[in-house]
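Before any comments, here is the structure.
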2 protein chains.
Amino acid sequence: MRHNAGMLELAILGFLHDAPLHGYELRKRITALTGHVKPVAESTLYPAIKRLEKAGLLARETRPGAGAAPRHVLTLTAEGRAELRRRLADPAEGDITDENRWFTLLSFLRHLDDPARQAAVLERRLAFLRRPSSFFYEGDRPLRAEEVEDPFRRGVLTIARATSQAELSWLRRTLDALRTGDGT
Amino acid sequence: MRHNAGMLELAILGFLHDAPLHGYELRKRITALTGHVKPVAESTLYPAIKRLEKAGLLARETRPGAGAAPRHVLTLTAEGRAELRRRLADPAEGDITDENRWFTLLSFLRHLDDPARQAAVLERRLAFLRRPSSFFYEGDRPLRAEEVEDPFRRGVLTIARATSQAELSWLRRTLDALRTGDGT
DNA sequence: GCGCAATACCTCCGTAACGATGTATTGTCC
DNA sequence: GGACAATACATCGTTACGGAGGTATTGCGC
């Protein structure tokens, strides 16, 4: 079973772990989560629900539906909950490196009910952020913002560095908290 | 002619605007630009080159190739340069809202040889960043980091805010510079 | 009583993207 | 001399995604 992309699938599993929902409501929640960056089309959501249902990760129960068409209320199965935890505990490399996917993963990481495993995931992100890398190179040497003349490219580096620094300090604080075992 | 996704295509056009390159070298440059976030598969690049060639945006010239297979040196046509400028001047909404796509766009925005048009693009990003939005809501009200208990979700908001602030200040500085017309 | 938005689901079709694999050559390490 | 990485391109099969459209109901404004 591959678990390469499917941020959408992760979001579905994550939201359904909180409470059973029907597709339309699920769509609204996913739109709230990631819609300002990248909207979810219904023609992407419904096939994804079917995939997960066919894989036995969620169950469907038809109910009379207030307002219009009958609702298909979706509930995570035991396998679905297990799969969610597997995806959270052992994310693909792209889930670590791509900010959009990383944010989605973080949004549901609390469902991984084990501080040590949560910390291990944060460590992977920490390792990624510490790897020296840039968007622009001179030969093999990554260029710093100050060395780039183009103001737009300089902007990319300036913004990326600010993000990186904010995230590094958050990661260190949170890892400390996870290790000392408090809930703050 | 639609210009919805295709960050890959934009990167190809952008790099070739600087200099003619063969596919393999193009791949290395694209990998340097966005590879740390999301690697480019060869099986994605070569079809993209063919698409652009078929659309008349680039021309191919076969040369003996140092080392191995013959190189196909790719050059932007006049239409290719025009198309690049069109995509830069009038980006799709997703190019503005998705950070990965936005960074790619910024990396080549200098090829849009008109400070007023460049400023107009930055204005769109500015407007997007100013729209009140969150990843998490209580009803319709966007939640601030302080209101979220889950430390991971709080992290998402903390990091996003830091990014947003860094980018807003960069945008304002750069817009000022574009309007007063200096090269700094 | 007509249009329209919201609710709630669905399918078709085209394209984009990925992983796997293939082909062929040169240079390097051991 | 044999394995292996790098150079350089390509195809194949599958999935993922998005736009456009379809169906059906309730309730609101005018």
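In what follows, chains are A, B, ... by sequence order, proteins preceding strands, each numbered from 1.
Applying the side chain to side chain donor-acceptor pair (under 3.5 Å) test to B:Glu25 and every residue at least two apart in sequence or in another chain returns B:Arg29. Every residue was checked against the side chain to side chain contact (heavy atoms under 4.5 Å, CB included) condition with B:Pro39, not counting sequence neighbours, and none meets it. Remark: B:Glu9 pairs with B:Arg51, B:Leu52, B:Arg87 by the side chain to side chain contact (heavy atoms under 4.5 Å, CB included) rule, at least two apart or across chains. Checked against salt bridge (charged side-chain N to carboxylate O under 4.0 Å, His left out), A:Arg110 has the following partners two or more places apart in sequence or in another chain: A:Asp18, B:Asp150. Residues that satisfy the ring-ring contact (aromatic ring centres under 6.0 Å, His included) test with B:Phe135, not counting sequence neighbours, are A:His36, A:Phe103. For B:His111, the ring-ring contact (aromatic ring centres under 6.0 Å, His included) partners at least two apart in sequence or on another chain are B:His17. Contacts of B:Ala32 classified as side chain to side chain contact (heavy atoms under 4.5 Å, CB included), with partners at least two apart in sequence or in another chain: A:Tyr137.
We find that CG of A:Asn100 is positioned 13 Å from P of D:dC17, with the value rounded to whole Å. Spacing between atom CD of A:Glu93 and atom C1' of C:dC18 amounts to 16 Å, rounded to whole angstrom units. Atom CG in B:Leu45 sits roughly 13 Å away from atom C1' in C:dC18 (whole-Å rounding). For the pair B:Asp95 CG and D:dG18 C1', the interatomic distance rounds to 15 Å; values are reported in whole Å. At whole-Å resolution of the value, CE in B:Met7 and P in D:dC17 are 17 Å apart. One interatomic measurement links the two molecules: CD1 of A:Ile12 to C1' of D:dA16, which rounds to 13 Å at whole-angstrom precision. What separates CG of B:Leu52 from C1' of C:dT15 is a distance of 14 Å, to the nearest Å. Regarding A:Lys54, its NZ atom lies at a distance of 11 Å from the P atom of D:dA16, rounded to whole Å.
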What does the list of N/O pairs under 3.5 Å between the protein and nucleotides 10-14 of chain C look like, with a distance for each?
residue, atom, partner, partner atom, Å
C:dC10, OP1, A:Arg60, NH1, 3.0
C:dC10, OP1, A:His72, ND1, 3.4
C:dC10, N4, A:Glu42, OE1, 3.3
C:dT11, OP1, A:Lys50, NZ, 2.9
C:dT11, OP2, A:Lys50, NZ, 2.6

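Distances shorter than 4.0 Å separate none of the side-chain N or O atoms of A:Arg71 from OP1 or OP2 on D:dA24.
Heavy-atom distances under 4.0 Å link DNA chain D to no residue of residues 18-30 of chain A.
By the neighbour-count criterion of 12 heavy atoms within 6.0 Å, atom CZ of B:Arg144 is sparsely surrounded, having that number or fewer from other residues, nucleotides or ligands.
If you find the closest nucleotide of DNA chain D to A:Ala48 and to B:Val73, the one lying nearer the 5' end belongs to B:Val73.
Sequence neighbours left out, the pairs with a member in residues 166-175 of chain A that pass salt bridge (charged side-chain N to carboxylate O under 4.0 Å, His left out) are A:Arg125-A:Glu167.
For the helix from C:dG1-D:dC30 to C:dC30-D:dG1, the terminal axes (five pairs an end, C1' atoms, rotation from four pairs onto the next four) enclose an angle of 30°, given to 10 degrees.
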Quiz: residues 41-48 of chain B side-chain donor-acceptor pairs under 3.5 angstrom, not counting sequence neighbours:
residue, atom, partner, partner atom, Å
B:Glu42, OE2, B:Arg27, NH1, 3.4

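The aromatic ring centres of A:Phe152 and B:Phe108 sit 6.0 Å or more apart.
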